[in-house]
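Accompanying notes for the structure given below.
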Amino acid sequence: MDRIAQAYSRAQNGLAAPLVTVQAHLSGGLPRFSIVGLAEKAVNESRDRVRCALINSRFKFPKGRITVNLAPADLPKEGGRFDLPIAIGILAASAQLPRTRLESCELIGELSLTGDLLPVRGALPVALRARDCGRALILPAPNADEAALVERLDVYPAQHLLEVCAHLRTTQDIEKYRAAPGSPAPAAAPDLAEVRGQQQAKRALEIAAAGGHSLLMIGPPGTGKSMLAARLNGILPPLTDDEALETAAVYSIAGRAIDVARWRTRPFRCPHHTASGVALVGGGSVPRPGEISLAHNGVLFLDELPEFSRHVLEVLREPIESGRIMISRAARQAEFPARFQLVAAMNPCPCGYLGDPGGRCACTADQVLRYRARISGPLLDRVDLHVEVPRLPAGALRRRGTAAESSVEVAARICAARERQLARGAINARLEAGAVAEVCRLDEASSMLLDEAVDKLGLSARACHRIVKVARSIADLAGREGIALGDVAEAVALRRLDRQVGV
């Protein structure tokens, strides 16, 4: 007599975790174990892992024909995450397990040959979708910390297949996992007060943090560009619950460890300039997130910007505008979030010492132009702030004067400015074109100044919009309802490379 049972699991497709119904069917005939439903090689190998795990766990492996269907059939399935639901489905179809609890739970986990449960990638997106469907989640114990980040979800961590079977039989329930009490400890961030001088660069960093604007710092080696960038996280507002979960989900599907004690800390990614385009945007036969997605809701710092490959830099253009990246392959597509804050640093010339008081620069004008041409105009147009970070006199570094503002003091102003922006609907860097006209209204004098800057500098419409949004952030930092003439003037002054066309 034919017997059939089904269990629920989830596949991985970008940040999505689509539901997969695992149907196990037993029938008479010659012994055969087949898996259907667009299963990749690692899933087809589940047959041998499941067989050995059941036998070594003292279960009777059914004789005859076993067919496992992973529905829907047109959804690609990869990895070992379906081992556990396949094993449970076979046991339920062969009447070795009751089916009463299978409707109310979802299962993921890879099986070893002895029946131990091994961790899988992407447990957090699975947990989010299981909660939305009102089901409990049974998963390997090493993934429990990650899944427990999702509130209002019953998480049942198991070490072995036998524990899952005892739980489904109700003979010995698995204890619900409870995260350790207490709020997450914030990651220690370097203090902005440690940076001596560079008041203009600090001001630009504060404006960038207030409105979520992109920033490019230009200056000789050793003037503090990397030091300033490393302190941006310390003045940014904390992540909201939704932002923290979405960021952690990206790390989960990338197979990166999630520090549950600091999972609310904004990511700070700093790829080397030899990174490839795939490393930056993501890719692979099975799409994985790249550096721009790992920097989602955080900072992407590109040091020595002109040293990156031109092709690598050009892939940044679309994600900067859209906040997402779509990776298309022959067999599948995956979309990853990429709403990051770009911070970059570069030298003014190939040797790095153009305009240095020591007179060490020997670069010709043509060499300087070729060096800066490595950054295309369309990409530079998308960077809101270009600020100079000059070399300071030695005495300025040793001199002890008025104590510089700490990151805590600057962060308080930035949080207040962000609250004003969120009350209007979005932070300034993410304002759509229609919202810019409504939120960033200019008086007559400010409009005349902006028109003059556009004419003299040859600015594009995109650069004009970005100047207005930066001026809005400057006004928000000052607590002003309207944008003043000085706000627009400062925003124009902070686009240094636009003022040096032809240098």
Side-chain angles (χ1 to χ4, degrees), residues 195 197-221 223-229 231-232 273 299-308 310 313-314 316-317 320-321 340-350 352-356 363 368-391 428-429 449-450 452-474 477 486-503:
V195 181
Q198 303 296 3
Q199 296 306 314
Q200 185 185 29
K202 288 182 181 179
R203 172 66 174 170
L205 196 71
E206 181 178 346
I207 295 169
H213 303 290
S214 49
L215 170 65
L216 172 61
M217 294 178 283
I218 310 107
T223 55
K225 302 184 295 294
S226 300
M227 193 175 183
L228 283 162
R231 280 145 182 79
L232 179 56
H273 63 260
V299 177
L300 177 68
F301 177 50
L302 302 182
D303 201 5
E304 305 296 343
L305 186 66
E307 301 301 330
F308 282 82
R310 177 73 174 259
L313 292 180
E314 291 307 296
L316 292 172
R317 286 161 54 176
I320 288 176
E321 293 286 343
F340 57 91
Q341 185 169 356
L342 175 65
V343 178
M346 62 177 285
N347 296 327
C349 66
Y353 296 104
L354 180 68
D356 191 78
C363 300
V368 174
L369 283 175
R370 283 196 299 271
Y371 178 75
R372 295 186 180 181
R374 296 178 186 177
I375 308 170
S376 70
L379 176 60
L380 193 61
D381 208 35
R382 287 168 167 82
V383 179
D384 299 330
L385 304 170
H386 319 148
V387 62
E388 185 176 8
V389 187
R391 183 177 301 281
N428 293 330
L449 175 62
L450 183 59
E452 186 180 353
V454 170
D455 291 339
K456 287 187 175 181
L457 303 177
L459 300 178
S460 66
R462 179 189 291 113
C464 183
H465 267 178
R466 289 179 180 273
I467 287 174
V468 172
K469 289 190 281 189
V470 170
R472 178 68 267 179
S473 295
I474 295 170
L477 280 170
D487 302 332
V488 177
E490 184 175 7
V492 172
L494 286 172
R495 289 187 68 91
R496 178 180 182 272
L497 292 185
D498 289 335
R499 306 197 310 273
Q500 296 197 349
V501 178
V503 172

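Position 1 is the first residue of the sequence, and the numbers go up from there.
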Could you state the interatomic distance from CZ (Arg472) to CG (Leu477), rounded to the nearest 0.5 Å?
10.5 Å

Using the side-chain contact (heavy atoms from CB on, under 4.5 Å) criterion, which residues pair with Cys464? Sequence neighbours excluded.
Leu450, Val454

Supply the atom-to-atom distance Phe308 CZ to Leu379 CG, rounded to the nearest 0.5 angstrom.
11.5 Å

Ala204 to Leu494 - nearest heavy-atom pair and separation:
CB-CD2, 4.3 Å

To check you understand the geometry: which heavy-atom pair defines the closest contact between Ala429 and Lys469, and what is its length?
O-NZ, 3.6 Å

With heavy-atom distances below 4.5 Å as the criterion, would you say the side chains of Leu385 and Met217 are in contact?
no

Ser214 side chain to Asp384 backbone, donor-acceptor under 3.5 Å
yes

For the student: nearest non-hydrogen atoms of His213 and Ile207, plus distance:
CD2-O, 3.5 Å

Arg495 side chain vs Val383 backbone, donor-acceptor pair below 3.5 Å:
yes

Keeping the roles fixed (side chain from Lys225, backbone from Leu216), state whether a donor-acceptor pair exists under 3.5 Å.
no

Contacts of Leu449 that satisfy side-chain contact (heavy atoms from CB on, under 4.5 Å) - sequence neighbours left out
Leu485, Val488, Ala489

Arg391 (side chain) donor-acceptor with Pro221 (main chain) under 3.5 angstrom:
yes

To check you understand the geometry: which heavy-atom pair defines the closest contact between Val389 and Pro220, and what is its length?
O-CD, 3.5 Å

With Arg462, which residues qualify under side-chain contact (heavy atoms from CB on, under 4.5 Å), at least two apart?
Glu321, Asp381, Arg382, Ser460, Arg466

With heavy-atom distances below 4.5 Å as the criterion, would you say the side chains of Leu302 and Leu313 are in contact?
yes

Are any side-chain N or O atoms of Arg372 and backbone N or O atoms of Pro348, one a donor and one an acceptor, separated by less than 3.5 Å?
yes

Identify the two heavy atoms, one from Leu354 and one from Cys349, that lie closest to each other, and give their separation to 0.1 Å.
N-SG, 3.3 Å

Excluding sequence neighbours, so at least two apart, what forms side-chain contact (heavy atoms from CB on, under 4.5 Å) with Asp303?
Ser226, Phe301, Ala345

Please give me the minimum heavy-atom distance between Glu388 and Gln200, naming the atom from each residue.
O-OE1, 3.9 Å

What residues form a salt bridge (charged side-chain N to carboxylate O under 4.0 Å, His left out) with Glu314, not counting sequence neighbours?
Arg310, Arg317

Does the side chain of Val492 reach to within under 4.5 Å of the side chain of Leu459, using non-hydrogen atoms?
no

From CG (Leu305) to CG (Leu316), nearest 0.5 Å:
8.5 Å

